[in-house]
2 protein chains.
Amino acid sequence: MTENSAINRTKIKRRSANRRATEATILAAAESVFAEAGFGGATMQLIADMAGLPKANLHYYFATKEALYRAVVQRIFQIWLEAADAMDGAPGPTEGIGAYIDAKMEISRRHPNGSKVWASEVMHGAPVIQDYLETTLRDWTAGRVAVINRWIAEGKMAPVNPDHLLYILWASTQHYADFGHQIETLNGGPLTEADWETAKASVKEVVLRGIGAI
Amino acid sequence: MTENSAINRTKIKRRSANRRATEATILAAAESVFAEAGFGGATMQLIADMAGLPKANLHYYFATKEALYRAVVQRIFQIWLEAADAMDGAPGPTEGIGAYIDAKMEISRRHPNGSKVWASEVMHGAPVIQDYLETTLRDWTAGRVAVINRWIAEGKMAPVNPDHLLYILWASTQHYADFGHQIETLNGGPLTEADWETAKASVKEVVLRGIGAI
DNA sequence: CCTGAACCTGACCATACGGTCAGAAAAAGA
DNA sequence: TCTTTTTCTGACCGTATGGTCAGGTTCAGG
C-alpha cells in the first residue's frame with residue numbers, strides 16, 4: 001500500500017477530478033431546476049435531463065433529492081458569506097458598505113438561481129439550513145453590527161439601527177435576483193450593462209446618503 | 001320568475017354568503033399551505049385538512065389546483081395594489097413615500113403568507129400573473145415614476161433613479177415578510193410591537209434621508 | 001491479461017398525487 | 001309533501017414521482 005506514490009496520487013486525482021466534475025454538472029442543473037420550480041416542483045428526472053445523465057446516476061452521486069438540495073443550498077451559502085469579506089478592513093461605511101453592496105449586486109447578477117434557491121429555502125422556514133442561520137449567519141451578523149456601531153460611535157455615519165440597515169442591504173441587493181423577472185418585465189427586457197451600473201449606483205447612493213455617509 | 005322579490009333575494013344572498021364563506025376558508029388555507037410549501041410542494045389534501053373539508057369538496061369550489069392557486073395570487077395582488085393609494089395625493093416625498101413604506105410594512109406584518117406566495121410566483125417567472133405584471137403593475141409603476149420625477153423637478157428630493165427607488169422600497173418592505181423567518185432567527189424570536197416600530201422607522205429614515213427628503 | 005473496485009444505467013416498484021364520479025344529504029321551490 | 005337544484009363526500013383511477021437494484025461497463029493496479 002504505497003498510497004503516497006506519485007502514480008497513485010495522479011490516478012486518484014484524475015478519478016476524483018472526474019467525480020467532482022460530474023457532481024458539479026449535477027449541482028448546476030439542480031440549482032437551475034430548484035430555482036425555477038422550487039423544491040416541491042423540481043423532479044429528479046428534470047434535473048437528470050438538464051444534466052444529460054440518466055436519473056439513476058443522480059442517485060449514485062446524491063442518495064436522495066433532499067441530499068442534492070442540501071448540497072445546492074450549502075454551496076450558495078458559501079458564496080453568500082464570501083461577499084461578507086468585502087465589508088472587512090474598510091476604514092468607514094462609504095468604502096465598507098459600498099463594497100458590500102457592489103459584491104452582493106454582483107452575486108445577484110452572476111448567481112440569480114442560487115439567490116432564488118436561498119430565498120425559497122428561507123421563505124419556507126429554512127428546513128435545511130436552520131442551523132446555519134443560528135450559528136454562522138448569527139455570528140457574522142453580530143460582527144457586522146459591531147462594526148457599524150463603531151462607525152456610528154466614531155461619527156462616520158448616522159445612528160441607524162444596524163440590524164435593520166443590514167436587512168435593507170440584503171433586501172435591496174437580492175431583490176435584483178429574486179425578483180429579476182418582475183424587474184425585467186417592467187424594464188422591457190433584461191438589464192443591460194449600463195442598467196446594472198445604474199442599479200448599483202442607485203442602491204449605493206440611496207443607502208449611503210441614507211446613513212449619512214455622503 | 002319574480003327574481004327581485006325580497007324573499008328570493010334574501011335566499012340567494014344567504015346561499016352565496018355561505019358560498020363565499022367556504023371559498024374564503026379554502027383560500028385562507030390555500031394561502032397558508034402555498035406559502036409554506038410552494039406550489040409544487042403544496043397538496044390538495046393538505047389544504048383540505050387545514051380547511052377542515054374533504055378534498056373532493058375543494059374541487060367542487062375550485063376545479064383544479066392551479067385555479068385555486070390563481071385565486072390566491074389574484075387576491076394578494078389586490079391587497080398589494082391597495083397600498084399604492086397611500087402614495088397618492090401626497091404633497092411631497094416625505095409624506096407620500098413615508099406613507100407607502102408604512103402601508104407596505106403593514107402588509108408584510110399582516111399578510112406574510114400572501115407576500116410569500118407573491119414572491120414565490122414572481123421568482124418562478126410569474127407563470128400565472130405575467131399579464132398583470134405587463135398591464136396593471138406596469139401602468140401603476142409608470143404613474144409613480146412620473147410622480148417621483150415631478151418631485152425631483154420641484155426640488156423636493158434628490159434626482160434618484162425612480163425605478164430603482166421603487167425596487168428599494170418594494171425590497172426593503174417585503175423582506176420583512178418573505179425573509180421573516182431569517183429575521184426572527186437573528187432576532188431570537190418574533191418581532192414585538194416595538195421591533196416593528198423600529199423597523200418601520202429605520203426603513204423610513206434611511207430611505208427618506210437617502211433620497212434627500214429629510 | 002486478470003481482478004476488483006468504482007462507476008453507470010435500464011427496468012422496475014411502491015406510493016402519493018391531482019382529479020373524477022356516483023350518489024347521498026341538504027336546501028329551495030312549488 | 002313532492003320535485004328540483006345545490007352542496008357535499010367516500011371511494012376510486014391513471015399517472016408521475018422518488019427511489020431501488022441487478023447487472024453491465026470502465027479503469028486503476030498487479
Side-chain angles (χ1 to χ4, degrees), chain A residues 1-27 29-30 33-34 36-72 127-128, chain B residues 1-27 29-30 33-34 36-72 127-128:
Chain A
M1 287 281 209
T2 55
E3 292 203 4
N4 43 3
S5 79
I7 293 169
N8 209 340
R9 258 185 285 131
T10 304
K11 285 179 177 169
I12 283 175
K13 207 176 279 175
R14 195 183 314 141
R15 267 275 161 129
S16 47
N18 280 343
R19 180 172 257 276
R20 262 195 296 276
T22 307
E23 280 175 1
T25 304
I26 295 172
L27 284 171
V33 172
F34 281 135
E36 279 168 27
F39 178 81
T43 71
M44 293 299 270
Q45 189 61 61
L46 217 69
I47 296 171
D49 291 348
M50 181 155 293
L53 296 170
K55 193 185 69 166
N57 206 355
L58 260 64
H59 281 98
Y60 177 73
Y61 284 94
F62 299 93
T64 65
K65 183 185 179 185
E66 200 183 309
L68 175 54
Y69 176 73
R70 207 175 267 267
V72 169
V128 166
Chain B
M1 288 281 209
T2 55
E3 293 204 5
N4 43 3
S5 79
I7 293 169
N8 209 341
R9 258 185 285 130
T10 303
K11 286 180 178 170
I12 283 177
K13 207 175 280 177
R14 195 183 317 141
R15 268 277 162 128
S16 48
N18 281 343
R19 181 170 257 274
R20 262 195 297 273
T22 306
E23 281 175 359
T25 304
I26 295 172
L27 284 172
V33 173
F34 281 134
E36 279 168 27
F39 178 81
T43 70
M44 294 298 272
Q45 188 61 61
L46 217 70
I47 296 172
D49 291 348
M50 181 156 291
L53 296 169
K55 193 185 68 166
N57 206 355
L58 259 64
H59 283 99
Y60 177 73
Y61 283 94
F62 298 92
T64 65
K65 184 185 178 183
E66 201 184 308
L68 174 55
Y69 176 74
R70 210 175 265 267
V72 168
V128 166

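Letters A, B, ... mirror the listed sequences (proteins, then strands); counts begin at 1. This one's a predicted model, so the numbers in the text were calculated from it and none came from an experiment.
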Quiz question: going by heavy-atom distance under 3.5 Å, is there a donor-acceptor pair between the base of C:dG19 and the side chain of B:Lys65?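 No, no donor-acceptor pair under 3.5 Å.
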Rounded to the nearest Å, what distance is computed from the [atom1] atom of residue [X] to the [atom2] atom of nucleotide [N]?
{"X": "B:Asp49", "N": "C:dA16", "atom1": "CG", "atom2": "C1'", "value": "14 Å"}
{"X": "A:Leu53", "N": "C:dC8", "atom1": "CG", "atom2": "C1'", "value": "10 Å"}
{"X": "B:Ile47", "N": "C:dG18", "atom1": "CD1", "atom2": "P", "value": "8 Å"}
{"X": "B:Tyr61", "N": "C:dG19", "atom1": "OH", "atom2": "C1'", "value": "18 Å"}
{"X": "A:Phe62", "N": "C:dC7", "atom1": "CZ", "atom2": "P", "value": "13 Å"}
{"X": "A:Met44", "N": "D:dT17", "atom1": "CE", "atom2": "C1'", "value": "11 Å"}
{"X": "B:Asn18", "N": "C:dA25", "atom1": "CG", "atom2": "C1'", "value": "15 Å"}
{"X": "B:His59", "N": "C:dC21", "atom1": "NE2", "atom2": "P", "value": "12 Å"}

By nearest-heavy-atom nucleotide on DNA chain C, the more 5' of B:Ala42 and A:Leu58 is A:Leu58
Of the listed C:dG19, D:dT9, C:dG18, the closest approach to the B:Ala56 side chain comes from D:dT9
Review point. Of all the nucleotides listed (D:dG19, D:dG10, C:dG19), which has the minimum atom distance to the side chain of B:Lys55?
Key: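 Of the options given, the side chain of B:Lys55 lies nearest C:dG19.
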Partner of A:Ile26 under side-chain contact (heavy atoms from CB on, under 4.5 Å), picked from A:Val72, A:Leu58, A:Asn57, is A:Leu58
**Message:** Using OP1 and OP2 only, check whether a side-chain N or O of B:Arg19 sits under 4.0 Å from D:dT7.
**Reply:**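 Yes, such a contact exists.
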**Request:** For D:dT7, take OP1 and OP2 only and decide whether either is under 4.0 Å from a side-chain N or O of B:Tyr60.
**Result:**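 For D:dT7, OP1/OP2 do have a side-chain N/O of B:Tyr60 under 4.0 Å.
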| task | List the steps, then state whether side chain to side chain contact (heavy atoms under 4.5 Å, CB included) holds for A:Phe34 with A:Ile47. | result | CA-CA 9 Å; A:Phe34 281 135; A:Ile47 296 171; 4.1 Å; yes
Original post:
What's the spacing between A:Lys65 NZ and A:Phe39 CZ if we round to 0.5 Å?
Top reply: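 Rounded to the nearest 0.5 Å, the NZ-CZ separation comes out at 4.5 Å.
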Output for pair (A:Tyr60 OH, A:Thr22 OG1), nearest 0.5 Å, gives 10.0 Å
Next on the checklist: Contact between A:Met44 and A:Leu68 at the side-chain level, heavy atoms closer than 4.5 Å - yes or no?
Outcome noted: yes
By the 4.0 Å heavy-atom rule, please label A:Thr22 as base, sugar-phosphate, or nothing.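 No contact.
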